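For reference, the structure is listed below as structure tokens.
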Amino acid sequence: MGRDVPALVFTREDRRRYRIKMQECLDAFAQMLRESRFETERPQVGLEIELNLVDDRGEPAMRNSDALEAIADPAWATELGRFNLEINIPPRRLTAGGPDAWETEIRAALNHAEDRAASVGAHLIMVGILPTLRQSDVGEAALSENPRYRLLNDQIFAARGEDLHIEVDGVDRLRTYADAITPEAACTSTQFHLQVAPEEFAAYWNAAQAIAGVQVALAANSPFLLGKELWHESRIPLFEQATDTRPQEIKAQGVRPRVWFGERWITSVFDLFEENLRYFPALLPLCDEQDPAETLDRGDIPELGELTLHNGTIYRWNRPVYAVAHDRPHVRVENRVLPAGPTVADTLANGAFYYGLTRALVEEERPVWSRMSFSVAEDNLHTAARHGIEALLYWPGAGEVTVPELVLRRLLPLAHRGLELSGMDSAWREPLLGIIEQRCVTGRNGAVWQKEMFHHIDATGRPDRHEGLRRMTRQYIDYMHLNAPVHTWPVD
């Protein structure tokens, strides 16, 4: 969904042509897999961070177009809501440049953007859900100006035929309806990309699915939504509901949701793209001029535009990606389960844990996904989103276990081993994975800090709820800029 699209109305002929072109793309993709045409020699990692914009008081700032113009950097783009921006960090080898290179690059990009955005009255905050958002901030008027968001909004509601119902029970209870998909804009995430050889894709995707719950439990950072205290990672249920094209009757028939964990372990990257065509009608049936079969026949690499556009409207928590870079095609896993923030230090620690653990699990003789049912992996995700670092999760050989015990005793050593196999020495690994270790030792992540700080403010100052959330948000921003890991943040 990163591409710009025109504002238009689709006809039945558009949809018929698009279905044909998607099948042609899938056939071309299958041929490329058979002929081993993919880049495998220099695999890279990548990172996308979605951020919120706030004013000086910590309230949402609907200024993304102004901020983007001021930043003037092609790495930055608008997101769904006028209070969102996204940065795409250039891809790199995992161990390129030494232990501080990636952090230095990311912090420099964010600091530059903060300085430029401040010139138009906006400030950046990395957080899973902006705590100061109100219902009035996520109406249709909050949609970004780019026509692709309006078109996506119209297509989702045309498929659904009624307003969205958002319902989350946590400490508080949220019940609301929405006439636009802008509540999705409240979900700001960190997305880790991992380029892999096609023959290894299934193993890495299965590993990523198996650890999704653990990732969310460790990094939860979204406890407040529209003034309510809900799940530790309320982003998960909100995103699942805010882009749902299914009315209740269609849900009851067992139709798959577009925000989807999946339903089985896979044996090939082809499985996921084939499922996309089989289960999901097109939201944006836009055809390009390229014929993928002809392109392959003359020795060139097809963009597979229809296949990739369709893939961008199906929101798997671990999404397959096909792309062409420097005239070479590749596939990668896009890990989408984590919230943004709280700091760059926390983000890179989350990345080190993810990259190291998936590598180690792929290398095991008896893969974890051969010892865990797929439904248990999905249950782990939702349990982790509800309870955060306090969750009890299932893991083969350990049974139901607390997240800190599971990570400290079993998964952290595996993450170290995976990073070592990737060429990262202990002097680099220890500081990054040490942050994960200390989160487990202290039982503190972004969600825990937000909850404790809000209740501390509430107990000492007795402000109204929104004012308490605003003060907490301002304190969060101050600590975020210090870049000290969130487990060290005080509550005072």
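No hydrogens, no waters, no symmetry mates; every other heavy atom, side chains included, goes into these values. The structure displayed is predicted, hence computed values, not measured ones.
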*Salt bridge R359-E420, side-chain N to carboxylate O under 4.0 Å*: no

*Distance-only side-chain donor-acceptor flag, Q215 / N335, under 3.5 Å*: yes

*Checking E114 side chain against L124 main chain: does a donor-acceptor pair fall under 3.5 Å?*
yes

*asked:* In terms of relative ring orientation, are W489 and Y479 parallel, tilted or perpendicular, with 30° and 60° separating the classes?
replied: tilted

*For the side chain of S234 and the backbone of S222, is there at least one donor-acceptor N/O pair under 3.5 Å apart?*
yes

*Do H193 and Q44 have side-chain N/O donor and acceptor atoms under 3.5 Å apart?*
no

_Main-chain N/O of G81 paired with N64 side-chain donor or acceptor, under 3.5 Å_ = yes

*So which heavy atom on I435 is nearest to which on A345, and how close?*
CD1-O, 3.7 Å

*asked:* Is the ring pair F270/F29 parallel, tilted or perpendicular, if the boundaries are 30 and 60 degrees?
replied: parallel

*Kindly say whether N276 contributes a backbone atom to a donor-acceptor pair with the side chain of H310 at under 3.5 angstrom?*
yes

*Below 4.0 angstrom, N of the basic side chain to O of the carboxylate: do E275 and R316 qualify?*
yes

*Search all heavy atoms of A207 against all heavy atoms of V362 and return the closest pair with its distance.*
CB-CG2, 4.3 Å

*Would you say R336's side chain and S189's backbone share a donor-acceptor pair under 3.5 angstrom?*
no

*Interatomic spacing from CG in L283 to CG in D154 - rounded to 0.5 Å*: 11.5 Å

_Residue pair N221 / Y476, side-chain heavy-atom distance below 4.5 Å_ = yes

*Does the distance from a Lys or Arg side-chain N to an Asp or Glu carboxylate O, for R386 and E233, drop under 4.0 Å?*
no

_Walk me through whether Y354 and V45 qualify under side-chain contact (heavy atoms from CB on, under 4.5 Å)._
CA-CA 11 Å; Y354 167 70; V45 298; over 6 Å; no

*Side chains of T343 and D346: do they bring a donor and an acceptor to under 3.5 Å?*
yes

*Would you check if there is a donor-acceptor pair between the side chains of D55 and H123 at a distance under 3.5 Å?*
no

*asked:* Between T176 and Q135, is the side-chain contact (heavy atoms from CB on, under 4.5 Å) condition met? List the steps.
replied: CA-CA 9 Å; T176 189; Q135 186 81 42; 3.0 Å; yes

*Tell me, yes or no, whether the heavy-atom count around E69 atom CD, taken from other residues, nucleotides or ligands under 6.0 Å, exceeds 12.*
no

*Atom CG of L357 and atom CG of L412: how far apart are they, to the nearest 0.5 Å?*
9.0 Å

*For I389 and P404, which heavy atoms make the closest approach, and how far apart are they?*
O-CD, 3.5 Å

*N318 side chain near E334 side chain, heavy-atom distance below 4.5 Å*: no

*Atom of L94, atom of S422 and distance for their closest heavy-atom approach*: CD2-CB, 3.9 Å

*Start with the C-alpha distance between R439 and H487, add both sets of side-chain angles, then the distance that settles side-chain hydrogen bond (donor to acceptor under 3.5 Å, both in side chains), and finish with yes or no.*
CA-CA 6 Å; R439 271 192 226 153; H487 71 266; 5.4 Å; no

*Run the side-chain hydrogen bond (donor to acceptor under 3.5 Å, both in side chains) check on H232 and Q450 step by step: do they pass?*
CA-CA 10 Å; H232 283 239; Q450 286 189 54; over 6 Å; no

*asked:* As a quick check of understanding, evaluate side-chain contact (heavy atoms from CB on, under 4.5 Å) for E48 and E50, giving each step before the final call.
replied: CA-CA 7 Å; E48 298 175 64; E50 297 169 352; 5.9 Å; no

*Output yes when a side-chain donor or acceptor of T245 lies under 3.5 Å from a complementary backbone atom of I156, and no otherwise.*
no

*Could you tell me the separation between the CD atom of E363 and the OG1 atom of T358, rounded to the nearest 0.5 Å?*
10.5 Å

*asked:* What's the separation between atom CD in E229 and atom CZ in F224, rounded to the nearest 0.5 Å?
replied: 4.5 Å

*Any side-chain donor paired with an acceptor under 3.5 Å for H330 and R328?*
no

*With side chains defined as the heavy atoms from C-beta onward, is the minimum distance between E452 and M472 less than 4.5 Å?*
no

_Run R82 and E145 through salt bridge (Lys or Arg N to Asp or Glu O under 4.0 Å) and show every step you take._
CA-CA 8 Å; R82 292 177 184 265; E145 294 176 6; 3.4 Å; yes

*For side-chain contact (heavy atoms from CB on, under 4.5 Å), just list the numbers for F454 and Q475, CA-CA rounded to whole Å, side-chain angles, deciding distance to a tenth of an Å, and then say yes or no.*
CA-CA 10 Å; F454 170 74; Q475 187 64 70; over 6 Å; no

*Which of these, F280, F239, Y315, sits in a ring pair (Phe, Tyr, Trp, His ring centres under 6.0 Å) with W260?*
F280

*Give a yes or no on whether the backbone of V333 and the side-chain of R319 come within a donor-acceptor separation of less than 3.5 Å.*
no

*How many angstroms lie between CG in L433 and OG in S426, if you round to the nearest 0.5 Å?*
11.0 Å

_Separation between CD1 of I125 and OG1 of T132, rounded to the nearest 0.5 Å_ = 7.5 Å

_Taking the side chain as everything from C-beta on, heavy atoms only, tell me whether H387 gets closer than 4.5 Å to W231._
no

*Presence of salt bridge, D478 and R474, under 4.0 angstrom*: yes

*Should the pair R134-D137 be classified as a salt bridge under the 4.0 Å nitrogen-to-oxygen rule?*
no

*Is any side-chain heavy atom of P339 less than 4.5 Å from a side-chain heavy atom of R235?*
yes

*Indicate yes or no for a side-chain donor-acceptor contact from R37 to the backbone of P329 under 3.5 Å, with no hydrogens or angles considered.*
no

*Do N350 and L218 come close enough that some side-chain heavy atom pair is under 4.5 Å?*
no

_Any side-chain to backbone donor/acceptor pair from N146 onto Y149? Under 3.5 Å, distance only._
no

*Indicate yes or no: at least one non-hydrogen side-chain atom of P292 is less than 4.5 angstrom from one of L304.*
yes

*asked:* Show the nearest heavy-atom pair for residues P60 and L133, with the distance to one decimal.
replied: CG-CD2, 3.7 Å

*Do E303 and T295 have side-chain heavy atoms sitting under 4.5 Å apart?*
no

_For S144 versus T78, what's the shortest heavy-atom pair and its separation?_
OG-CB, 4.3 Å

*Where the side chain of W205 meets the backbone of P320, is there a donor-acceptor pair that is under 3.5 Å apart?*
no

_Taking R116 first and then D73, would you say they form a salt bridge - that is, a charged N and a carboxylate O separated by under 4.0 Å?_
no

